[in-house]
Protein chains: 2
Amino acid sequence: MGPALSPTATPEFQVTPRACPPAPPVDPTADPDEELARLAAAMGHPARIRILRFLLERRECFAGAIVDHLPLAQSTVSQHLKVLREAGLIRGEVDGLHICYCADEERIRRVGELLDAMVLLAAGNAR
Amino acid sequence: MGPALSPTATPEFQVTPRACPPAPPVDPTADPDEELARLAAAMGHPARIRILRFLLERRECFAGAIVDHLPLAQSTVSQHLKVLREAGLIRGEVDGLHICYCADEERIRRVGELLDAMVLLAAGNAR
DNA sequence: TTCCCATATCGTTCATTTGCGATCAACGAC
DNA sequence: GTCGTTGATCGCAAATGAACGATATGGGAA
């Protein structure tokens with residue numbers, strides 16, 4: 001459970017001070033079953049899906065807007081953001097006073113790819 | 001948490017005594033966020049992904065083969081099967097002495113559809 | 001400096017999940 | 001009938017997750 005998010009210390013995501021897209025680290029889980037399960041688990045809560053959708057609609061936004069958008073306490077939302085962040089599904093970046101989050105579309109699409117790979121590979125024999 | 005699976009009582013899935021494909025009930029969750037979260041949660045465990053992959057590879061097989069294929073106790077596998085069953089991702093059917101399970105490819109593909117809908121709908125504005 | 005604002009994190013509580021062994025119910029064989 | 005086999009369910013313990021309020025941190029404003 002590393003040191004985690006802190007604007008000036010060793011943030012998990014603030015790899016570059018640019019806009020939101022600082023290339024995801026491409027988690028080296030190696031096992032596609034593990035990777036898919038991890039991603040699915042991160043998406044396995046309605047609040048987190050709502051956060052993802054919200055972030056996909058607005059291309060980006062700061063955390064406060066997400067909190068306002070959900071019927072949950074700020075600390076709870078923050079934890080959901082952490083789960084999504086650790087799965088690489090969203091990225092955040094310190095933008096002055098607040099933190100700008102955005103969805104990592106590539107990572108989200110990766111879920112679909114892993115799914116397709118599983119289904120198609122298997123259905124190859126009988127479909 | 002209803003009465004659940006029992007070959008002669010009120011099984012959850014044995015809707016027809018036919019082969020594996022007895023049309024899924026299409027859960028009426030209505031809210032796509034809830035539905036996606038439910039499906040994702042059901043897939044959010046490596047053992048369950050492995051079960052899905054296993055069932056997709058062999059088009060069908062009875063539960064014992066799944067147990068043999070995983071490093072888990074029979075009761076544990078049975079529970080994972082229950083989770084997958086309740087999410088509609090697999091279906092089982094009593095076949096003489098054992099139960100024949102098979103993956104519901106349509107339902108699995110539904111996950112990808114829900115994902116795509118979320119991403120594409122949102123990316124519509126800026127991609 | 002002091003104060004406020006925006007977020008993360010801590011600590012706690014409660015619910016859920018995971019895993020297991022043991023048991024139960026149904027079936028086929030005998 | 002009794003067995004053996006198959007697979008679900010129960011009961012439990014441990015681990016994890018969800019939600020919250022309270023607190024900490026760090027930057028901007030006054």
Side-chain angles (χ1 to χ4, degrees), chain A residues 1-14 17 37-38 40-51 60-87 90-101, chain B residues 1-14 17 34 37-38 40-51 55 60-87 90-101:
Chain A
M1 206 62 83
L5 200 63
S6 164
T8 56
T10 312
E12 289 173 350
F13 52 76
Q14 194 213 29
R38 262 174 43 86
M43 298 201 311
H45 191 290
R48 292 199 287 268
I49 295 291
R50 267 175 233 126
I51 290 173
E60 59 176 54
C61 69
F62 60 96
I66 302 171
V67 174
D68 293 345
H69 186 247
L70 295 175
L72 294 171
Q74 178 267 326
S75 58
T76 305
V77 172
S78 190
Q79 277 183 185
H80 283 307
L81 290 171
K82 184 180 184 178
V83 171
L84 291 170
R85 219 192 305 134
E86 288 177 348
I90 66 174
R91 277 169 289 127
E93 188 221 340
V94 178
D95 172 24
L97 191 51
H98 18 246
I99 297 193
C100 169
Y101 277 105
Chain B
M1 211 56 84
L5 202 62
S6 165
T8 54
T10 311
E12 290 173 348
F13 51 77
Q14 196 213 25
E34 295 278 350
R38 262 175 44 87
M43 298 199 312
H45 191 291
R48 291 198 288 267
I49 294 291
R50 264 174 236 127
I51 291 174
L55 285 177
E60 60 176 53
C61 68
F62 61 97
I66 302 171
V67 173
D68 293 344
H69 186 247
L70 295 175
L72 293 172
Q74 179 267 327
S75 59
T76 304
V77 172
S78 190
Q79 278 185 183
H80 283 306
L81 289 172
K82 184 181 186 180
V83 172
L84 291 170
R85 219 192 303 132
E86 289 178 347
I90 67 175
R91 275 169 290 129
E93 187 220 341
V94 177
D95 173 24
L97 190 51
H98 17 247
I99 297 196
C100 169
Y101 276 105

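Chain identifiers are assigned alphabetically (A, B, ...) following the order of the sequence lines, protein sequences preceding nucleic acid strands; residue numbering begins at 1 within each chain. Note that the structure is predicted; figures quoted are calculated from it, not measured.
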Measure the OG-CD distance between S75(A) and Q79(A) for me, rounded to the nearest 0.5 Å.
6.5 Å
Interatomic distance, I99(A) CD1 vs dT9(C) P [rounded to whole Å]
9 Å
Non-hydrogen atoms of A87(B) and A42(B) that approach each other most closely:
CB-CB, 3.5 Å
Roughly how many Å is it from CG in D95(B) to P in dC27(C), rounded to a whole number?
13 Å
Quickly work out the L81(B) CG to dA8(D) C1' distance and round it to whole Å.
10 Å
Please assess H80(A) against L72(A) for the test side-chain contact (heavy atoms from CB on, under 4.5 Å), listing each intermediate value before the final yes or no.
CA-CA 10 Å; H80(A) 283 307; L72(A) 294 171; 4.1 Å; yes
Using the 3.5 Å cut-off, write out each protein N or O paired with an N or O of nucleotides 28-30 of chain C and the distance between them.
none

In Å and rounded to the nearest 0.5 Å, what is the SG to CG distance from C61(B) to D68(B)?
10.0 Å
Minimum heavy-atom separation for A47(A) to L70(A), with atom names?
O-CD1, 4.2 Å
Atom pair CZ/OH of R85(A) and Y101(A) - distance to nearest 0.5 Å:
4.0 Å
For nucleotides 18-21 of chain D, list the nitrogen or oxygen atoms of the protein found under 3.5 Å from its nitrogen or oxygen atoms, one pair per line.
residue : atom : partner : partner atom : Å
dA18(D) : OP1  : R48(A)  : NH1          : 3.4
dA18(D) : OP1  : R48(A)  : NH2          : 3.3
dA18(D) : OP2  : R48(A)  : NH1          : 3.4
dA19(D) : OP2  : H45(A)  : NE2          : 3.1
dA19(D) : OP2  : H80(A)  : NE2          : 2.8
dA19(D) : N7   : Q79(A)  : NE2          : 3.4
dC20(D) : OP2  : A73(A)  : N            : 2.9
dC20(D) : OP2  : T76(A)  : OG1          : 3.1
dC20(D) : N4   : Q79(A)  : OE1          : 3.3
dG21(D) : N7   : S75(A)  : OG           : 3.2
dG21(D) : O6   : S75(A)  : OG           : 3.1

Look at the side-chain N and O atoms of Y101(B) and state whether any lies under 4.0 Å from the OP1 or OP2 oxygen of dT6(D).
no
Could you check how far CG of D68(A) sits from P of dT7(C), rounded to whole Å?
9 Å
Please state how far atom CZ in R38(B) lies from atom P in dT16(C), giving the value in whole angstrom units.
14 Å
Rounded to the nearest 0.5 Å, what's the gap from CZ on R91(B) to CD on E93(B)? Could you check?
10.0 Å
Is any side-chain heavy atom of L55(B) closer than 4.5 Å to one of I66(B)?
yes
Rounded distance [0.5 Å steps], CZ in R48(B) versus CD1 in I90(B):
10.5 Å
Rounded to the nearest angstrom, tell me the gap between atom NE2 in H98(B) and atom C1' in dG7(D).
11 Å
Axis deviation across the helix from dT1(C)-dA30(D) to dC30(C)-dG1(D), five-pair ends, to the nearest 10°:
10°
Measure up the F62(A) and H98(A) rings against each other and bin them: parallel (under 30°), tilted (30 to 60°), perpendicular (over 60°).
parallel
Which whole-number value in Å describes the distance from Q74(A) CD to dC10(C) C1'?
13 Å
Can E34(B) and R38(B) be said to form a side-chain contact (heavy atoms from CB on, under 4.5 Å), step by step?
CA-CA 6 Å; E34(B) 295 278 350; R38(B) 262 175 44 87; 5.6 Å; no
